[in-house]
Amino acid sequence: MLPIDAAAHSSRWRRRHPLDKAVLALGLTVSAVCLPPWPGSLLVVVAALVLLLGPAAVPPRQLWRAYRIPLGFCVTGALPLLVRLGGPHGPLSLAPEGPAHAGQLLLRTSAASLGVLLFSFTTPLSDLLPRLVRAGVPPAVVDVALVTYRMAFLLLDTVSRVRQAQAARLGQSGRAAAWRSLAGLGATVFVRAFARAARLQTGLAGRGYDGSLRVLVADSEVSRRFVAASVALLAGIAALTLALERLTP
């Protein structure tokens, strides 16, 4: 199981309805995209961090390990805005407003990433996907997502086991051995993936699969208080952003 998925299953908000968390997390994401980067995105970052580390009780180390990957993409996307091609200063020069634009983009994307992580760290996919059918998503699409979700963990487990077996047989002792082990790993995972898919199809057929996977979902109700508090927080961030923007010269 991936660390972020394990954290979602043990989250304090695990038993809350996914709609409650979607209003809050996706609302923060939309606010980060729509509000001015300064100070709107910064307020979203602060609110998301407080919620993740406070009420959601996400361990800081796990949050950083999950956040550093999208943060790397955010930094990589902002760096090209620092320079410009061509112009009177040569083929490559510093853009006049490059640092400001790069900082704004970095604030927007990092804040939006935290909003998505808030939902990911508190809502397992096993709780979300079955409810999508009630929301109007075609059952076939949800079934494919469920099977893909399951197969992804099986393949990751297979990769881990094969790598441990190769390491125990000195498969990583040198560069040539490492390349041979990598080729063997790819071939083994490819063959086992098809074998697992065939067994899964046989098992579903033996259980009377009729085109829809029926999964038990824990009962939970939408909390009006939680949704109202989330809307109030989002409205407060928007109002404070507009107020601070007017005060900023």
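Just so we're clear, the structure is a prediction, and the values are computed from it rather than from any experiment.
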J.: Less than 4.5 Å apart, side chain to side chain, heavy atoms only: is that true for P55 and R12?
T.: no

J.: May I ask you to test the F226-L24 pair for a side-chain heavy-atom distance under 4.5 Å?
T.: yes

J.: Per the side chain to side chain donor-acceptor pair (under 3.5 Å) rule, what does the pair list look like for residues 152-165, sequence neighbours excluded?
T.: D157-R161

J.: Please give me the minimum heavy-atom distance between T109 and L105, naming the atom from each residue.
T.: OG1-O, 2.8 Å

J.: Roughly how far, to the nearest 0.5 Å, is CZ of R108 from SG of C74?
T.: 13.0 Å

J.: Would you say the side chain of L49 lies within less than 4.5 Å of the side chain of Y67, judging by non-hydrogen atoms?
T.: no

J.: Can you name the closest pair of heavy atoms from A8 and S120 and give their distance?
T.: CB-O, 3.4 Å

J.: What pairs of residues pass the side chain to side chain donor-acceptor pair (under 3.5 Å) test when at least one of them lies in residues 21-30, not counting sequence neighbours?
T.: K21-T123

J.: Cluster question for you: counting only ILVMFWY and a side-chain heavy-atom cut-off of under 4.5 Å, with indirect links fine, are V33 and V116 together?
T.: no

J.: To the nearest 0.5 angstrom, please state how far the CZ atom of R196 sits from the CG atom of L155.
T.: 7.5 Å

J.: Going by the rule side chain to side chain contact (heavy atoms under 4.5 Å, CB included), which residues pair with P80 if we only count those two or more places apart in sequence or in a different chain?
T.: none

J.: Test of understanding: with side chain to side chain contact (heavy atoms under 4.5 Å, CB included), list the residues that count as partners of L234, not counting sequence neighbours.
T.: L28, S31

J.: Minimum heavy-atom separation for S41 to L107, with atom names?
T.: CB-O, 3.5 Å

J.: Count I, L, V, M, F, W, Y as connected when their side-chain heavy atoms are under 4.5 Å apart, and connections chain through other members. Are L53 and L117 then in the same cluster?
T.: yes

J.: With a 4.5 Å heavy-atom cut-off, do R14 and H9 have their side chains touching?
T.: yes

J.: Assigning hydrophobic clusters by single linkage (Ile, Leu, Val, Met, Phe, Trp, Tyr; side-chain heavy-atom cutoff under 4.5 Å), is L52 placed with W64?
T.: yes

J.: Give a yes or no on whether V50 and V231 share a hydrophobic cluster (residues Ile, Leu, Val, Met, Phe, Trp, Tyr; joining criterion: side-chain heavy atoms under 4.5 Å apart).
T.: no

J.: Heavy atoms, side chains only, cut-off 4.5 Å: are V58 and S11 in contact?
T.: no

J.: Could you pull out all residues at least two apart from E97 that satisfy side-chain hydrogen bond (donor to acceptor under 3.5 Å, both in side chains)?
T.: H101

J.: Flag the pair L51 / F121 as yes when at least one side-chain heavy-atom distance between them is below 4.5 Å, and no otherwise.
T.: no

J.: Tell me whether V191 shares a hydrophobic cluster with V159, the cluster being built from Ile, Leu, Val, Met, Phe, Trp, Tyr side chains joined at under 4.5 Å.
T.: no

J.: How long is the straight-line distance from CG of L114 back to CZ of F119, given to the nearest 0.5 Å?
T.: 15.5 Å

J.: What distance separates L26 CG from S230 OG, expressed to the nearest 0.5 Å?
T.: 11.0 Å

J.: Could you give the distance from CD (Q166) to CG (L182), rounded to the nearest 0.5 Å?
T.: 8.5 Å

J.: Using the side chain to side chain contact (heavy atoms under 4.5 Å, CB included) criterion, which residues pair with T241? Sequence neighbours excluded.
T.: L35, P36, P39, L43, I237

J.: Return the NE2 to CG distance between H17 and L128, rounded to the nearest 0.5 Å.
T.: 10.0 Å

J.: Over all heavy atoms of both residues, which pair between L82 and A102 is shortest? Give the atoms and the distance, please.
T.: CD2-CB, 3.7 Å

